[in-house]
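The structure appears below as structure tokens.
Each ligand, and each atom within it, is numbered from 1 in the order the structure gives. Throughout, residue positions are numbered sequentially from 1 according to the sequence presented.
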Amino acid sequence: MNTKYLDLLAQKYDCEEKVVTEIINLEAILNLPKGTEHFVSDLHGEYQAFQHVLRNGSGKVKEKIEDIYKKVLTEKEIKEFATLVYYPEEKIQLIKNDFDNEKELHQWYSVIIERMIKLISYASSKYTRSKLRKALPDQFVYIIEELLYKTDEFTNFKEPYYAKIVQQIISLGQADKLITGLAYTTQRLVVDHLHVVGDIYDRGPEPDQIMEALINYHSVDIQWGNHDVLWLGAFAGSKVCLANIIRICARYNNLDIIEDVYGINLRPLLNLAEKYYQDNPAFRPKVHSDETIFEEEQLQITKIHQAIAIIQFKLESPIIKRRPTFNMSERLLLEKIDYEKNEIIIHDKTYPLENPCFATINPIQPDQLLEEEKQVIDKLLFSVQHSEKLARHMNFLMKKGSLYLRYNGNLLIHGCIPLDEDGNMEKMLIENKEYAGRELLDIFERYLRHSFAHQEETDDLATDMVWYLWTGEYSSLFGKRAMTTFERYFIKDKTTHKEKKNPYYHLREKEETCEKILAEFELDPNQGHIINGHTPVKEINGEDPIKANGKMIVIDGGFSKAYQSTTGIAGYTLLYNSFGMQLVAHQHFNSKEEVLLNGTDVLSVKRIVDKELERKKVLETNVGEELLQEVSILTSLMEYRYMK
Ligand SMILES: O=P(O)(O)OC[C@H]1O[C@](O)(COP(=O)(O)O)[C@@H](O)[C@@H]1O
Ligand SMILES: [Mn+2]
């Protein structure tokens, strides 16, 4: 090993004892059980439901409470206590309202603090003390450690000492803060690491809040979904991606995300929309049954929705023309329209166009943007690229994200690995070279990162490629032959709406296919799993999220409210701890308020995907690999510096 590095390292470990301590510490960690990984996907802006899953650790919090309190507490008390751990601030307030004298309240505090301490002690039993310390609320570390490590083994005088500490906390008015801190510590201990397998954005109302929660989360990685890439593309300079995100926000009545949350001025778009568009049933925003919308506002959104959709269709055309290898010429739909008859020819069949809104289209050159449209999209792009909040969120998405992830022997991917009918990796020609499988995904990611690093370029291959990731035939995120957005707005015949899925989606049922893919990514086909999002599992129709004899796990059960009627549940999540994997199905999440009042915890059935014969240790994980390397470097330092 290079002695220069060792000399540098010796500045940090400047005495023998420090090196020895660190080696012993790392070796100890390697032999502890592996931490719990938590997998979620397809959050689609549903912050409240996501929050709930994060806070209850997909049921792990309650499980731990039951482990230690099942025999001592009633079911109702367990529910109450669990709710307190999930939403401490609100639950404390509610409980406080129930007490009419201080003495009772103080008694409650002291019981709860003791319960919390016991729970933390149990939940942290597989971690080192140093890791636990990092999870404790800063202002109470000393006090909590005193309470945690109390032991009566050698002295009988300690009980009053601890009782005194708790009493002091209460009488100094610190109990609420302490209980809240302990609750968050519990949540943090229950899940060691979070994987978000794509699609944070679109459809739901609060993707920004999800981003904030992820930014503040102790340990997370993200596998981008097609919707996330659309937002990244918009920020990276792709006007067509930008048109898409605004169109989807208009469609789901979420324009306030663009305007209020990210501070992007929609006024120029509104002016254009007011000038050229009227009411149009195909473009009215989807409004959830518990929302209300004023007629005037609805009309405005309907107009914006049309204006931006037409801009989007126009912007697609030059990209399709300048990128023949995208093989998308079939999607040059504006050119297939007979604007007088209001008809379109698709695959040699003529269809009437319903709800047309082509006032800004010149039939001779249908993809030409009006000067006004050009200005609108340019201004929008400027605004998007100068939104500080969006910049913060997109930078985080880039930093923590990737197209796929190999983690602890598993492959995490939002969409698919494009396959042909025979199960071979499909090839795509990019700049005269063919790419398939892992190489194809790697080159996609390189283009995305390049585009993101060069936001001033709007028409280069890298930027176009980001849009391809959203909608292209060989995109690992889209996984369908073509996106039929135009047909869905304008053609009644539903057969034209169908988006043919990549063969991957039926071949993934077979073990053989999954093994082949795992091998392609240099993972052990006998041990590994593919963890997939993107396609809602229709439990309602008897679809099983666990496929290929457990090698394929699909966790998109539909957090998205818009899709819950087709899935029948409200999302799957996956847990992977030292004992194995558990798939958790969540029932519909109504509201935090309901949980607070009734303790309704909407999660249910667990299915064991895999049961480890022996508890898995940190040593056998990705983190373990890194720690082993550190041990080896520190051993070299020890020999070089201190054992001569
Ligand atoms: O239901 P919506 O919002 O109209 O969206 C339909 C579109 O969404 C997509 O399914 C992509 O979104 P998902 O990644 O959530 O599946 C497209 O294939 C389809 O055209
Ligand atoms: Mn998706």
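- Proximity to His227 (heavy-atom distance under 4.0 Å) selects the following atoms of ligand 1: 11 (C), 12 (O), 13 (P), 14 (O), 15 (O).
- Within the structure, the closest approach of Thr485 to ligand 1 does not fall below 4.0 Å when heavy atoms are considered.
- Which parts of ligand 1 touch Asp199 is read off a 4.0 Å heavy-atom cut-off, strictly below it: atoms 14 (O), 15 (O).
- Among protein heavy atoms, atom 14 (O) of ligand 1 sits closest to Asn226 ND2, 2.7 Å.
- Taking backbone and side-chain atoms together, Asp199 has an N/O/S atom less than 2.8 Å away from the Mn ion (ligand 2).
- Of all the atoms in ligand 1, the ones that sit under 4.0 Å from a non-hydrogen atom of Arg488 are 6 (C), 20 (O).
- Close contacts of ligand 1 with Met483, meaning ligand atoms under 4.0 Å from a residue heavy atom, involve 20 (O).
- Using a 4.0 Å cut-off to heavy atoms of Phe478, the atoms of ligand 1 that qualify are 18 (O).
- Every N/O-N/O distance between Asp42 and ligand 1 stays at or above 3.5 Å.
- In terms of polar-atom proximity, defined here as any N/O pair under 3.5 Å, Lys480 does make such a contact with ligand 1.
- The shortest N/O to N/O separation between Glu499 and ligand 1 falls below 3.5 Å.
- Interface atoms of ligand 1 facing Tyr252, defined by a heavy-atom separation under 4.0 Å, are 1 (O), 2 (P), 3 (O).
- In summary, an N, O or S atom of His534 is located under 2.8 Å from the Mn ion (ligand 2).
- Looking at atom 1 (O) of ligand 1, its nearest protein heavy atom turns out to be Tyr563 OH, 2.7 Å.
- Taking backbone and side-chain atoms together, Asn226 has an N/O/S atom less than 2.8 Å away from the Mn ion (ligand 2).
- At least one heavy atom of Arg251 sits under 4.0 Å from some atom of ligand 1.
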